Participant: 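Right, I'll just put the structure down here and ask away after.
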Amino acid sequence: MSRVVYDGTPIEYEPGDSLAIAALRAGQHPARGGTLCLAGDCGNCSAIVDGTPWVRTCQTEARPGAMVQRHPNGSHPSPGGPEHHTQVTVRHRSADHVVIGNGDSGAAAAAALRSEGHDVLVLDEADGDEVVGVFDGPSIIVRRNDGIEHFHVHHITLATGAAEVHPVCPGNLLAGIFTPKAAAKVQAAGLDLGNVVTVGAELKAFHGEGRVSEVELVDGSRVSCDNVIVNLGSAPRDVLARMAPLVPVQIVGPAAEAHALPAAPQEGVLCPCGKITVEDLDGVWNKGFHDLELVKRSSLCGTGTCQGAVCMPHLRSFVADRSGVEPKPFTARPAARQVSMAEAAAGYHIDTFRRTPLHGEHTKLGATLDKFGGWFRPWNYGDAVSEYWAVREGVSLGDVSTLGKMMVSGPDVVEALERLYPNHVHDIKVGRSRYVINLNERGHVLDDGMICREGDTRFLLTFTSGGASTAEMWVRDWVETWGLKVHVLDRTVSHGAINVTGPLAGELLRRAGVSDDDRPKFLQHRHIDVAGIPCHVMRLSFTGEASFELHHQIDQSVELWQALMELGAPLGIKPHGLQALFGLRLEKGHVIVGQDTELDSTPRRINMDWAVKLEKDAFVGRDALIRTASLPDERRLFGFTMDGPAPLEGSVIRVNGDVVGHVTSSWDSPMYGHAVLMGWQKRLPHADVVEIDGREARVSAVPFYDKEGARARM
Amino acid sequence: MNEFVETLLDLPWQVGDPKPAYDVVIIGAGGHGLATAYYLATRHGITNVCVLDSNFIGSGNSGRNTTIIRSNYGIPESVAFYQHSLEMYQRLEDETGCWIMHSQKGQIWLAHSVSTARTEQTRALMNQAMGAKTDYIGPKEIKDLCPQIDLSGGGRYPVHGASYHHEGATARHDRVVWAYAQGALRAGVHVHQHTPVTGLLMDGDRVTGVQTSKGNISAGTVISAVGGNVTTVANWAGVRLPIRTHALQAFVTNAHAQEFAPIVSSNDLVFYVSQTPRGQMLIGAEYDRFASYRQATSFAYLQACSKKSITMFPFLSKLRIMRSWTGICDVSTDFSPIMGDTGVPGFMISTGWGTWGFKAIPAGGEQLAQLVATGSAPLIEPFGLDRFAKEAAMADPSSAGTR
Amino acid sequence: MPACEPPRFEGLVGWRIIADPSALDAAPWPAGSHVVRISPDDAFVIGAAEPGVPGDEHAIVTPELGFAGAAVSAEQVADIALHHIEWQMPTGPCVAQGQIAGVPSKLVLHADGSALLLVACAARHELEDRLG
Amino acid sequence: MLWVECPNCGSRPFEEYRYGNVFPVTPDTITDADARNVDYAWMQDNIAGVTLERWFHESGCRRWFTAKRDTTSDEFLPLDD
């Protein structure tokens with residue numbers, strides 16, 4: 001015979017035994033007492049099984065070596081240690097007709113459906129299928145010992161039967177008390193219940209030490225016994241239907257039938273989960289908690305592990321008795337049959353983190369990679385300051401493959417872009433590009449990027465890495481709303497992009513085979529080969545130095561990167577990560593949307609009115625900007641400088657001791673030897689000198705670096 | 001006898017129907033409505049007040065939230081308001097004599113990336129400046145506070161650090177409602193359950209009372225403290241709101257021994273977990289992204305929340321889900337609450353509580369009562385409905401609603 | 001757990017065409033090419049020289065190297081559907097798009113139940129990990 | 001689980017989509033231009049009932065579509081009703 005380990009002691013079981021039956025076979029109550037229904041409804045047989053607390057042992061088949069531990073007496077089980085979770089298998093299935101419950105009514109319903117030619121799936125706990133809940137779709141979640149199943153179904157029949165009513169009276173937490181069906185199961189397993197007494201409504205109390213030895217009846221008589229079968233009728237097991245009132249289900253059999261409530265409880269534990277007594281209920285009733293829900297919430301009756309399966313009929317009867325009105329059952333909520341969080345989680349993946357085609361190159365170069373806007377990106381390659389100097393004084397590569405990139409084309413494309421962007425678009429010449437911001441209808445900055453004109457009716461748009469996905473939605477939504485004829489193709493994950501930046505960037509391109517004549521000038525873009533690889537080269541600058549973004553097909557990213565690194569070696573080339581980039585752009589006063597801006601940053605608030613042409617007829621956000629232009633507006637983003645180490649990003653900015661805003665970006669400028677910052681002042685008058693981190697900081701015009709922008713044009 | 005039953009207060013209900021007229025009628029007998037009534041009566045002597053609810057007291061979001069009290073917001077106005085509320089909560093048991101199971105646990109808000117570490121650091125610095133006790137802490141301190149955490153985040157969400165909000169607390173939501181209900185009832189306020197308001201009484205463009213299932217009631221001031229269906233009530237008065245209603249779900253496991261001390265949230269993963277006084281692990285996350293008035297629980301939510309939680313706390317993977325629930329919450333366009341005047345004389349509002357506003361009950365009630373009584377309530381002035389037309393939104397990057 | 005071999009991905013070379021739906025419907029696709037219709041105005045054409053799209057002078061026709069693909073057998077498709085797809089799988093031939101193991105993916109289903117599994121190269125590692 | 005029918009791809013869990021809100025409708029009773037703009041920019045109809053709304057199938061065809069849904073039951077209704 002096989003054994004399970006129960007409270008540290010091996011006990012034998014018969015094939016087919018549940019853990020609860022196995023315990024009874026060994027002369028033990030599976031928990032510490034209380035009526036057993038062995039139907040999965042109550043929590044009276046719960047124990048810790050293989051480390052999982054609160055497992056219904058009546059629903060768990062005994063298997064060799066299973067470790068069962070009763071919950072500690074008088075307290076709750078430990079939630080367990082920090083061990084790692086096991087993987088749970090999930091299966092996605094579909095079925096036409098599903099009948100839940102294979103009792104008489106379920107079997108009849110299934111047979112009738114089959115006779116009409118339907119495919120029918122029957123789910124029953126006896127076969128290991130515990131239905132956790134019925135959800136929209138309709139869908140059904142089923143817990144099995146070998147995993148969890150998500151069913152798509154068309155028709156659901158509930159034949160879940162009725163749950164037998166537990167006794168409420170003194171002594172009802174003793175061992176040796178069974179419902180009739182539980183007793184039948186025990187006896188079917190070959191166990192002898194000894195001197196067994198069957199009682200019904202005449203029951204008054206149980207007596208005994210640990211287990212029942214005497215039953216007291218309402219007439220005062222006492223009957224000695226080894227075990228008791230209590231027959232108090234049933235209540236419909238309709239919890240699945242009540243959980244999902246809008247999911248169409250057919251209910252058949254006892255689950256659909258009206259059942260009389262038991263007599264109002266007089267004494268004893270009504271809620272075995274919380275050890276809540278009739279006296280407790282009277283206590284809250286007398287304090288004025290008269291609604292069924294208020295009685296439940298104030299006594300906590302019905303809020304334990306069985307979720308009212310045991311106490312609900314008695315609780316309703318109690319309220320009916322005290323108030324004269326029979327209340328409806330309280331709300332049922334998943335889970336109808338409990339699942340562990342590992343089981344619930346099965347099949348779910350939180351995020352998909354994307355990798356650029358240069359991911360392997362960054363790893364080889366020792367980059368610290370971190371997650372930004374759903375991508376893994378290099379934060380630094382070990383030393384952000386030397387990366388910074390490579391940009392300022394030599395040449396450097398940055399992986400900007402994550403930038404949003406979008407091709408747009410069509411007869412209405414100029415019209416569409418004019419309406420989308422607050423800047424002029426029609427006057428951008430082919431081969432030229434323009435920096436643009438995009439706004440929402442409130443006139444708040446959503447994102448920024450470039451517009452590159454490729455032809456009369458063809459453009460390439462770029463967006464920030466974090467904004468790319470939303471940008472595609474934004475463009476498509478407006479184009480459709482306006483009914484304009486524009487084709488849209490997002491290229492974000494199909495094109496790689498490498499930013500070649502620094503005063504020697506032009507020299508590196510020369511070495512990569514780009515003649516001075518072919519090299520685009522500032523704000524030009526051109527399709528040329530770089531190191532033999534076809535690139536769309538955009539000349540712009542985020543770092544403050546001459547920069548060439550080389551957009552290309554992603555299958556050639558590695559080749560291009562390696563060629564540039566090799567050609568650039570004599571020039572002292574180094575790649576730079578985001579940490580250096582954030583400092584470089586900060587010295588130029590370039591705003592990072594989402595870091596320096598807030599949810600409601602208008603162009604005015606971030607000093608970018610110049611990027612808005614209100615004289616245009618219409619563009620998204622224009623009406624709001626015109627409306628708000630005359631409103632007093634205290635909120636303004638400023639540049640600051642201060643001596644000493646850069647304060648933490650997020651430091652508050654004070655004027656005369658009052659908090660007026662916070663630092664959004666902060667950097668110890670290697671160039672200047674002091675801190676450069678951006679941050680908000682949201683109170684008038686705006687001060688020229690503020691306090692940050694207990695030190696003095698001064699408002700400074702931005703950019704801090706190369707105010708004339710000569711270096712970007714070099 | 002269950003230990004959580006014994007000290008319940010009593011609810012001295014009035015007998016009979018509402019009177020035909022009150023100085024103030026409050027729609028919604030949840031935390032905010034009852035607290036407003038309580039403070040009107042106890043702070044300002046305004047006791048001719050009636051609170052109406054279509055169901056039982058606390059039947060809406062007050063009974064469905066995740067009981068967290070915190071003030072670690074991101075903008076000065078919010079930190080000041082919520083810190084005041086947090087401190088009022090700390091004194092509420094003494095003031096009302098009711099055990100609301102207030103328990104200071106501390107809240108850890110995890111960052112799993114450079115960019116969210118910046119967010120948490122920013123939160124800590126702003127909190128400190130505005131009087132909320134929050135520090136940025138590193139992985140070792142996090143592990144000390146919460147040994148069950150997997151600092152590697154399943155190898156995928158490594159913990160960079162966290163903001164630690166020392167005074168983060170929980171209290172039992174129902175008991176907060178009952179404490180205010182009892183205090184208000186004792187002070188003479190009328191509270192009528194199962195009395196749905198079906199419309200507003202208007203005189204020109206002024207609100208003069210409410211229509212109810214038990215007849216019309218006139219009022220000097222009508223306050224909507226309705227959750228979920230606030231748009232309907234506002235529409236009766238012709239008031240347009242920047243509010244969208246979303247479902248918000250949460251769940252608990254079975255009860256376990258008290259071994260999980262703090263409240264832990266994750267900035268990147270967007271979930272939070274704490275252990276209730278009864279030992280259940282309480283887990284929640286963000287609201288469903290689509291607008292809905294339906295209080296439906298979805299398995300997808302249990303699935304996502306479970307996965308996020310067990311990724312950071314492997315011990316949870318074996319714990320079984322006992323019950324889930326869903327409420328509907330009012331999310332404002334800038335994710336901050338809206339309190340005070342509506343532009344319609346006689347009609348005030350308390351809404352936009354996003355993920356339910358439990359933490360704001362004391363200060364929200366106190367300030368609204370003060371506004372009714374004195375015409376001025378500085379703490380909530382920035383949160384008026386007129387802020388949108390004034391382009392003075394209260395967009396808070398640290399509000400739970402912004403993610 | 002999956003009994004089948006995990007899919008083996010390789011980068012795909014093709015053309016991406018955005019054009020009027022009617023133009024795409026009528027386009028004479030090069031012989032031997034394989035057309036994945038992503039939406040009415042969007043086609044991914046594999047295994048052909050640059051295709052032309054008569055009838056839409058504004059069509060975007062551009063090389064597409066953003067997808068990785070894996071040929072999967074009918075058995076593998078069934079296994080992936082059982083363990084990794086929440087939605088109901090249509091029967092082929094057709095294109096089925098949506099999340100597979102949480103990753104946006106496409107299955108170009110053939111009549112015999114086998115398929116070409118497509119995923120963005122940027123997310124390929126995630127899908128491989130989850131199916132593997 | 002809310003299942004949303006994409007006209008291109010079929011029925012998928014709502015997690016595959018981005019919700020795009022309803023088509024905004026400013027009431028005719030608001031006549032002042034600025035007030036209309038405030039309403040358009042900030043206010044929500046927040047209808048408890050049938051709404052016309054936009055969904056974007058982010059994990060599939062990446063296209064918008066319009067759907068009709070009852071926000072009290074989450075039931076999707078035929079568009080031509």
Side-chain angles (χ1 to χ4, degrees), chain B residues 205 226 228-235 237-247 249 285-305 307 326 328-336 338 342-343 351-352 385-395, chain D residues 1-6 11-60 64-77:
Chain B
D205 55 7
V226 169
N229 292 296
V230 62
T231 298
T232 304
V233 176
N235 283 350
V239 173
R240 295 270 290 168
L241 293 177
I243 293 283
R244 207 166 71 189
T245 300
H246 292 256
Q249 312 184 39
E286 57 192 341
Y287 51 81
D288 294 349
R289 304 319 284 185
F290 56 94
S292 180
Y293 283 86
R294 181 182 170 208
Q295 295 183 352
T297 310
S298 72
F299 191 75
Y301 186 88
L302 298 180
Q303 205 181 5
C305 258
K307 180 68 178 188
T326 307
I328 50 176
C329 53
D330 309 306
V331 181
S332 72
T333 328
D334 66 353
F335 307 104
S336 281
I338 299 166
T342 57
T351 185
L385 179 58
D386 59 352
R387 68 181 185 262
F388 300 97
K390 293 196 300 201
E391 191 62 10
M394 288 285 115
Chain D
M1 171 87 72
L2 186 70
W3 290 87
V4 182
E5 179 87 19
C6 167
S11 181
R12 296 290 183 275
F14 86 88
E15 288 90 339
E16 292 202 2
Y17 299 85
R18 295 267 289 267
Y19 175 67
N21 210 353
V22 298
F23 289 98
V25 184
T26 296
D28 293 339
T29 48
I30 302 174
T31 50
D32 174 74
D34 278 359
R36 287 190 71 80
N37 181 253
V38 171
D39 192 88
Y40 172 73
W42 292 102
M43 302 304 165
Q44 304 275 326
D45 294 324
N46 198 28
I47 293 162
V50 176
T51 64
L52 269 184
E53 60 194 17
R54 299 279 279 165
W55 291 81
F56 182 75
H57 192 190
E58 189 175 37
S59 295
W64 286 99
F65 58 93
T66 300
K68 192 188 258 192
R69 183 175 59 104
D70 186 335
T71 58
T72 61
S73 65
D74 287 341
E75 187 187 358
F76 285 90
L77 306 165

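By convention in this document, chain letters (A, B, ...) are assigned in the order of the sequence lines, proteins followed by strands, and residues within each chain are numbered from 1. From a predicted model like this one, the values you see are computed outputs, not experimental measurements.
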Participant: Do you know which of B:Ala247, B:Gly228, B:Ala291, B:Ala300 has the most heavy-atom pairs with chain D at a distance under 4.5 angstrom?
Facilitator: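 Winner by heavy-atom pair count: B:Ala291.
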Participant: Near D:Asp32 CG, under 6.0 Å, is it more than 12 heavy atoms from other residues, nucleotides or ligands?
Facilitator: yes
Participant: Under a 4.5 Å heavy-atom cut-off, does chain D meet the side chain of B:Leu241, its backbone, both or neither?
Facilitator: backbone
Participant: Under a 4.5 Å heavy-atom cutoff, which of D:Thr71, D:Asp70, D:Val38 has the most pairs with chain B?
Facilitator: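 Max contact count across the listed options: D:Thr71.
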Participant: For B:Ser292 and D:Asp74, which heavy atoms make the closest approach, and how far apart are they?
Facilitator: OG-OD1, 2.9 Å
Participant: For B:Arg294 and D:Glu75, indicate whether the former's side chain and the latter's backbone hold a donor-acceptor pair under 3.5 Å.
Facilitator: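 Such a contact is absent between B:Arg294 side chain and D:Glu75 backbone.
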Participant: Is D:Arg18 in contact with chain B via its backbone, its side chain, both, or neither, using a 4.5 Å heavy-atom distance?
Facilitator: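 Neither part; nothing is under 4.5 Å.
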Participant: Could you give the distance from CZ (B:Arg240) to OG1 (D:Thr29), rounded to the nearest 0.5 Å?
Facilitator: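 Nearest 0.5 Å value for the CZ-OG1 distance: 8.0 Å.
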Participant: So which heavy atom on D:Trp55 is nearest to which on B:Phe290, and how close?
Facilitator: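 Scanning both residues, the minimum pair turns out to be CH2-CB, 3.6 Å.
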Participant: With a 4.5 angstrom heavy-atom cut-off, is it the side chain or the backbone of B:Phe299 that approaches chain D, or both, or neither?
Facilitator: backbone
Participant: Suppose a student defines contact as a heavy atom less than 4.5 Å from any heavy atom of chain B. Which residues in residues 40-47 of chain D would they list?
Facilitator: D:Trp42, D:Met43, D:Gln44, D:Asp45, D:Asn46, D:Ile47
Participant: Quick one: what part of B:Gln295 sits under 4.5 Å from any heavy atom of chain D, side chain, backbone, both or neither?
Facilitator: neither
Participant: Given that the side chain runs from C-beta out, which part of D:Phe14 has a heavy atom under 4.5 Å from chain B: side chain, backbone, both or neither?
Facilitator: side chain
Participant: Which atoms of D:Glu53 are under 4.5 Å from chain B, going by heavy atoms: the side chain, the backbone, both sets, or neither?
Facilitator: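 It is neither, since no heavy atom gets under 4.5 Å.
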